[in-house]
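Reminder, nothing fancy here: chain letters follow the sequence lines and each chain counts from 1.
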Amino acid sequence: MLTFMASDSEEEVCDERTSLMSAESPTSRSCQEGRPGPEDGENTAQWRSQDSDEDCEEDPDRYACSGVPGRPPGLEEELTLKYGAKHVIMLFVPVTLCMIVVVATIKSVRFYTEKNGQLIYTPFTEDTPSVGQRLLNSVLNTLIMISVIVVMTIFLVVLYKYRCYKFIHGWLIMSSLMLLFLFTYIYLGEVLKTYNVAMDYPTLFLAVWNFGAVGMVCIHWKGPLVLQQGYLIMISALMALVFIKYLPEWSAWVILGAISVYDLVAVLCPKGPLRMLVETAQERNEPIFPALIYSSAMVWTVGMAKLDPSSQEALQLPYDPEMEEDSYDGFGEPSYPEAFEAPLSGYPGEELEGEEERGVKLGLGDFIFYSVLVGKAAAAANGDWNTTLACFIAILIGLCLTLLLLAVFKKALPALPISITFGLIFYFSTDNLVRPFMDTLASHQLYI
Amino acid sequence: MTAAVFFGCAFIAFGPALALYIFTIATDPLRVIFLIAGKASEGLKSINPEETAPSMRLLAYVSGLGFGIMSGVFSFVNTLSDSLGPGTVGIHGDSPQFFLNSAFMTLVIILLHVFWGIVFFDGCEKKKWYVLLIVLLTHLLVSTQTFLSPYYGANLVSAYIIMVFMGIWAFFVAGGSCRSLKLCLLCQDKDFLLYNQRSR
């Protein structure tokens with residue numbers, strides 16, 4: 001039951017979260033147009049230039065655009081590229097932290113590697129007599145899981161299109177509640193059991209209550225940036241642990257592969273659900289869901305909105321990833337400066353000036369699936385650390401390349417495909433080729 | 001085996017590399033990327049026009065360190081994690097200094113990779129092909145020497161001697177001189193501290 005509900009809300013949520021948006025806009029394009037328009041930002045690179053407005057839109061799916069209309073192309077390019085490396089590092093750190101939490105838990109807490117049933121979304125068992133049957137079952141499980149995700153995404157897009165905001169917010173709040181309270185309680189219980197530490201119920205409830213309540217406030221309302229980031233990392237790690245525990249072995253790997261393909265399709269195809277979501281949000285010039293995206297910069301998305309009660313989440317300027325000029329017409333240029341100026345004053349400690357303003361955003365689904373890959377490598381690899389490290393490095397390299405592509409293409413890109421592909425390649429090759437070799441070398445103390 | 005063995009060996013093997021990372025690389029995001037992605041991040045180099053492009057020597061140093069860390073980690077991390085578990089080292093007659101020897105060997109390999117990286121890049125840049133050959137041969141020599149285990153003494157000592165020679169060579173290749181070394185040790189010339197360096 002718990003799993004069902006959890007998965008239910010989480011699938012959808014995770015679904016939304018898988019994509020990397022960079023907020024780099026094609027300066028040349030907007031400049032050529034001669035009009036200020038939001039550039040195609042993608043991934044969450046948010047810029048703010050001192051002298052111009054910013055068309056930044058926060059797409060829960062990951063997307064931040066930065067566009068400064070009216071700037072000379074060269075300057076825009078330079079500013080865009082200048083922070084490329086810094087953005088990459090700003091994403092390396094949280095992704096690394098999330099993976100460290102997941103791997104540390106997997107290696108120490110036995111609970112998450114024990115098989116205790118499966119999710120309702122993967123009904124076929126993998127305890128079959130033949131390899132062919134097992135493969136078939138895992139493919140069927142994957143099909144079911146991916147169709148559930150697709151259906152949920154489309155449902156979300158439909159809800160959004162028909163402006164059922166209350167429903168969506170209620171849904172998001174329910175899923176955050178579940179993650180922050182129930183899963184944290186279970187996690188804490190298992191960690192305490194592993195280390196044989198006794199804790200009485202009043203203390204436990206106090207701790208979980210405080211953790212969860214502050215988390216809800218930080219994620220859905222206002223809070224210090226670092227705390228919000230920490231909570232988003234924690235909930236991604238918890239979700240990844242749930243997946244690692246309840247997805248059977250082969251199904252997990254096939255699902256990882258399939259979800260990267262889905263991510264690619266959903267973000268890049270013109271009729272992809274995620275793309276439509278983003279476009280709709282841009283047309284309406286309103287922020288999308290704040291709880292689905294990790295932001296590494298000064299977040300005006302959450303916590304800085306104090307001027308406009310209606311757009312309480314953030315001052316997000318819709319951004320059209322497809323560079324369709326028509327939709328830019330809807331943007332109120334003058335509204336940007338207000339939108340972005342005001343929040344700055346609200347947080348003295350988070351002044352956005354010059355270079356500190358830039359940041360990157362990454363969807364939480366990306367965090368989750370990266371951590372699932374590394375966690376599975378840690379759980380399955382017979383206590384071998386080489387495989388885990390190889391997968392970790394593979395994911396970071398994939399993230400690096402994705403951000404590089406972002407800088408080149410300047411449009412929304414999915415963050416999963418490259419990293420997961422590298423991760424899968426490295427996992428299977430390291431586990432089967434490198435591990436036996438390195439084990440033999442290490443046992444004889446041979447160094448190469 | 002105790003936590004003391006674990007932490008001791010971990011710091012022996014990875015301490016200098018970690019220190020090098022913290023003091024010279026962690027301060028600059030581009031260098032971190034070079035460390036992880038190595039030469040594959042040439043593209044990122046191009047997207048950082050404001051700062052002066054990292055010099056080839058910096059790239060050599062960082063990629064040498066990256067290779068060294070990966071090599072050291074892959075060789076040693078499983079041994080380290082075994083050292084946390086129960087067991088008696090050398091119960092079947094092997095050397096009881098297994099962990100310590102592995103840790104020192106890992107350290108020398110990491111440092112050697114750093115120096116090899118610097119020297120190798122310089123050799124490629126200046127088209128001195130004999131340099132590449134020497135690097136390759138010394139690497140093979142050090143690796144082949146490890147076949148001498150369990151006679152760790154000769155193995156470790158010669159590996160360290162090779163490392164010292166390579167270190168001196170890399171120092172001069174990177175532009176150091178006796179004078180600059182003296183100034184650096186006497187803290188009289190801040191320009192030569194690596195992290196203040198810009199491209200040369």
**OP:** Measure the spacing between CG of Asn78(B) and CG of Asp439(A) and express it to the nearest 0.5 Å.
**Re:** 6.0 Å
Subject >> CG on Leu389(A) to CE on Met70(B), rounded to 0.5 Å >> reply: 6.5 Å
**OP:** Keeping to residues at least two apart or across chains, list the salt bridge (Lys or Arg N to Asp or Glu O under 4.0 Å) pairs with something in residues 393-403 of chain A.
**Re:** none
**OP:** Please state whether the side chain, the backbone, both or neither of Thr106(B) comes within less than 4.5 Å of a heavy atom of chain A.
**Re:** both
**OP:** Answer with side chain, backbone, both or neither: which region of Thr79(B) has an atom nearer than 4.5 Å to a non-hydrogen atom of chain A?
**Re:** side chain
Subject >> From Leu441(A) atom CG to Ser75(B) atom OG, the distance as rounded to the nearest 0.5 Å >> reply: 7.5 Å
Original post:
Rounded to the nearest 0.5 Å, how far apart are CG of Leu446(A) and CE of Met105(B)?
Top reply: 10.0 Å
Original post:
For Lys126(B), what residues pass the side-chain contact (heavy atoms from CB on, under 4.5 Å) criterion, not counting sequence neighbours?
Top reply: Asp122(B), Lys128(B)
Subject >> Side chain to side chain, Phe74(B) and Val434(A), heavy atoms closer than 4.5 Å >> reply: yes
**OP:** Select one option (side chain, backbone, both, neither) describing which atoms of Asp82(B) are under 4.5 Å from chain A's heavy atoms.
**Re:** neither
**OP:** Work out which heavy atom in Ser81(B) is nearest to a heavy atom in Trp385(A); give both atom names and the distance.
**Re:** CB-NE1, 3.5 Å
Original post:
Looking at CD of Gln445(A) and CG of Asn101(B), how far apart are the two atoms once the value is rounded to the nearest 0.5 Å?
Top reply: 5.5 Å
Subject >> Interatomic distance, Ser71(B) atom OG to Ile448(A) atom CD1 [nearest 0.5 angstrom] >> reply: 7.0 Å
Subject >> Residue pair Val142(B) / Tyr447(A), side-chain heavy-atom distance below 4.5 Å >> reply: no
